[in-house]
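To keep things clear, I will list the structure first and then write my remarks on it.
The residues of the chain are indexed from 1 along the displayed sequence.
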Amino acid sequence: MSLLSVLAFAWAGAIAWPQALGMAVVATIGGYLGARWAKRMAVGQVRAVVIATGLIMSLVFFWRAFA
């Protein structure tokens with residue numbers, strides 16, 4: 001489905017390619033390094049980081065939407 005979505009947006013000219021390619025490179029590097037980092041942590045620590053990240057992102061988004 002992602003490939004079809006990308007093709008549809010590309011066909012419509014709705015993709016800012018320089019920014020999209022930069023985001024893809026950084027996301028790939030972050031995923032690789034994050035997985036290596038998570039393997040070295042205890043399960044509880046990984047869970048705490050994931051929960052904290054989700055809470056902080058939620059607070060930021062709510063703040064931006066309603067402030």
Side-chain angles (χ1 to χ4, degrees):
M1 274 199 308
S2 293
L3 178 61
L4 293 175
S5 299
V6 170
L7 291 174
F9 282 109
W11 184 270
I15 298 176
W17 286 106
Q19 293 86 352
L21 293 174
M23 287 174 59
V25 169
V26 173
T28 301
I29 293 169
Y32 178 75
L33 294 177
R36 290 187 66 184
W37 179 59
K39 282 183 174 182
R40 296 179 183 174
M41 296 174 63
V43 174
Q45 289 175 317
V46 174
R47 184 176 293 125
V49 168
V50 170
I51 291 170
T53 301
L55 288 172
I56 292 168
M57 289 176 64
S58 295
L59 291 172
V60 169
F61 290 140
F62 278 117
W63 178 263
R64 288 182 181 175
F66 297 110

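Rounded to the nearest 0.5 angstrom, I51 CD1 and I56 CD1 are separated by 12.0 Å.
In the hydrophobic clustering of this structure, Y32 groups with V25; members are Ile, Leu, Val, Met, Phe, Trp, Tyr whose side-chain heavy atoms approach within less than 4.5 Å, directly or through other members. Cluster annotation: L21 is not connected to M23 through the hydrophobic network of ILVMFWY side chains, with a link wherever side-chain heavy atoms come within less than 4.5 Å.
Contact between A20 and I15 at its shortest, heavy atoms only, is CB-CG2, 3.8 Å.
For the pairing with M57, the side-chain contact (heavy atoms from CB on, under 4.5 Å) check across L59, L55, T53 returns one residue only, T53.
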